[in-house]
2 protein chains.
Amino acid sequence: MAKPVPTVEQVDTGFLESLLGYNARRASLAVIEVFLERMAPYGLKPVDFSVLSLVAHNPGITSRQLCAALGILPPNLVGMVNQFEKRELIERQPHPHDGRAMGLHLTSAGQKLIRDAERTAAQLEAEVAGRLTPAEQRTLLRLLRKVYLK
Amino acid sequence: MAKPVPTVEQVDTGFLESLLGYNARRASLAVIEVFLERMAPYGLKPVDFSVLSLVAHNPGITSRQLCAALGILPPNLVGMVNQFEKRELIERQPHPHDGRAMGLHLTSAGQKLIRDAERTAAQLEAEVAGRLTPAEQRTLLRLLRKVYLK
DNA sequence: TATTGTTATACTCTATAACTATA
DNA sequence: TATAGTTATAGAGTATAACAATA
């Protein structure tokens, strides 16, 4: 008697769900999906938001510092900054102490945009993380940082 | 007197670090980086591992079921399965009840490979999550799932 | 008419090499 | 000699449209 060919009704993802990497990736994709929708009105993708936010909180930051902080490669930042300059959100100014570098600064339009966008991000945060109690939210952020900070 | 142009010594990433999406992404990238190194000897990238692992635990699973479980699009799975067939790790068998579908099964070589790879993954898990106490590990996984499961 | 698997293709993201100007 | 910024380009990863076979 031949062995019957098995079929699958309910997919068992048990092993994958036991892995930190799998769960962290799924969670980040879920959050980023909502983020993408909410940031579309501002014309910002997640990385764009990160860049503008860092320039807002660090006026005069250089491309190199941005790349280091966000894990972006320099060639891939150039296009972003160019777009921001075309949209008149960012200005490149000569660095006061280093003739090779350019300091990045927000225009007043850029400041207004990122102020609104950060408010939206904070709101989204409250919703998405709203399935967790405030204590759980703090715990989650703390544990995540513990994982990725060396 | 002109306003001096500011420069940045220490980059302030405070706002970004308050966002769940940012932290989840950083954590998942950190884990995946180590995962990539450890899986290289098996010739598996993270998605490859997920696919093989699901086929191992769900013999006869169809492409469509795999795509749904992993959030992959069907056209992007085809190439992967083809590679696995060429490496003689996976076999496509006609589905017993649905002439359109193909059931996926591991060869004995595929079974051995994924058994070793899963052992390596569990080991890696113990190391990476080793910065956390066992209780913290359980908490982290539980909270992450709470975020991405609707 | 809808679904599975597939092909072809396009778009985005990320990565590498090399150039320039300044240090 | 090394670094900041840039250009050009290559490679992954991810997305959409359309088709044949089957339900």
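Here is how names work: the chains are called A, B, and so on, in the same order as the sequence lines, proteins then strands, and each is numbered from 1.
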Using atom [atom1] of [X] as one end and atom [atom2] of [N] as the other, report the distance to the nearest whole Å.
X      : N       : atom1 : atom2 : answer
E33(B) : dA15(C) : CD    : C1'   : 14 Å
N82(A) : dG5(D)  : CG    : P     : 13 Å
I61(A) : dA4(D)  : CD1   : P     : 13 Å
L36(B) : dG11(D) : CG    : P     : 18 Å
N76(B) : dC11(C) : CG    : P     : 16 Å
L73(A) : dA18(C) : CG    : P     : 16 Å
M80(B) : dG5(C)  : CE    : P     : 14 Å
R92(A) : dG5(D)  : CZ    : C1'   : 9 Å

Result of checking N76(B), N82(B), V81(B) against V78(B) for side-chain contact (heavy atoms from CB on, under 4.5 Å):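 Per the side-chain contact (heavy atoms from CB on, under 4.5 Å) rule, the option paired with V78(B) is N82(B), out of N76(B), N82(B), V81(B).
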
task: Take atom CD of E88(B) as the centre, draw a 6.0 Å sphere, and report whether it contains more than 12 heavy atoms from other residues, nucleotides or ligands.
output: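 Open.
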
All pairs passing salt bridge (Lys or Arg N to Asp or Glu O under 4.0 Å) where residues 16-33 of chain B contributes a residue, at least two apart: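 Every candidate salt bridge (Lys or Arg N to Asp or Glu O under 4.0 Å) pair involving residues 16-33 of chain B fails, so no pair, neighbours aside, qualifies.
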
Problem set entry | side-chain hydrogen bond (donor to acceptor under 3.5 Å, both in side chains) pairs, two or more places apart, involving residues 119-128 of chain B |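 Those involving residues 119-128 of chain B are R38(B)-E127(B), Y42(B)-T120(B).
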
Task: Pair R131(B) + E136(B): basic N to acidic O under 4.0 Å - done: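 Salt bridge between R131(B) and E136(B), a charged N being under 4.0 Å from a carboxylate O: no.
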
Please determine whether residues L149(A) and F35(B) belong to a single hydrophobic cluster, defined as Ile, Leu, Val, Met, Phe, Trp and Tyr linked transitively by side-chain heavy-atom distances below 4.5 Å.
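In one cluster with L149(A): F35(B), yes.
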
With B for base contact, S for sugar-phosphate-only contact and - for none (protein heavy atoms under 4.0 Å), nucleotides 18-23 of chain D reads ----BS

task = For DNA chain D, find the residues of residues 64-72 of chain A with a heavy-atom distance under 4.0 Å and give them by number; none if there aren't any.
result =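 Within this stretch, R64(A) sit under 4.0 Å of the strand.
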
- Item | Residues within residues 37-54 of chain A bordering DNA chain D, heavy-atom distance below 4.0 Å |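 Here the set is empty: none.
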
_Residue list, side-chain hydrogen bond (donor to acceptor under 3.5 Å, both in side chains) with D116(A), at least two apart or on another chain_ =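 Checked D116(A) against side-chain hydrogen bond (donor to acceptor under 3.5 Å, both in side chains); matches are K112(A).
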
- Distance-only, no hydrogens or angles: does the E91(A) side chain make a donor-acceptor pair with backbone N or O of T107(A) under 3.5 Å?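 Not at all, since once roles are kept as given, no pair shorter than 3.5 Å links the two residues.
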
Give a yes or no on whether the backbone of L16(B) and the side-chain of T13(B) come within a donor-acceptor separation of less than 3.5 Å.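 Such a contact is absent between T13(B) side chain and L16(B) backbone.
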
Q.
Quick one, L70(B) and L66(B) - any side-chain contact, counting heavy atoms below 4.5 Å?
A.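 Heavy-atom side-chain distance check passes, below 4.5 Å.
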
Next on the checklist: I want to confirm an ordering. Mapping V81(A) and R25(A) to their closest nucleotides on DNA chain D, which one lands closer to the 5' end?
Outcome noted: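 With V81(A) and R25(A) compared, the 5'-side residue is V81(A).
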
Fit a plane to each ring of F15(B) and F49(A), take the angle between them on a 0 to 90° scale, and name the class: parallel (under 30°), tilted (30 to 60°) or perpendicular (over 60°).
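The rings of F15(B) and F49(A) sit tilted, inter-plane angle from 30° to 60°.
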
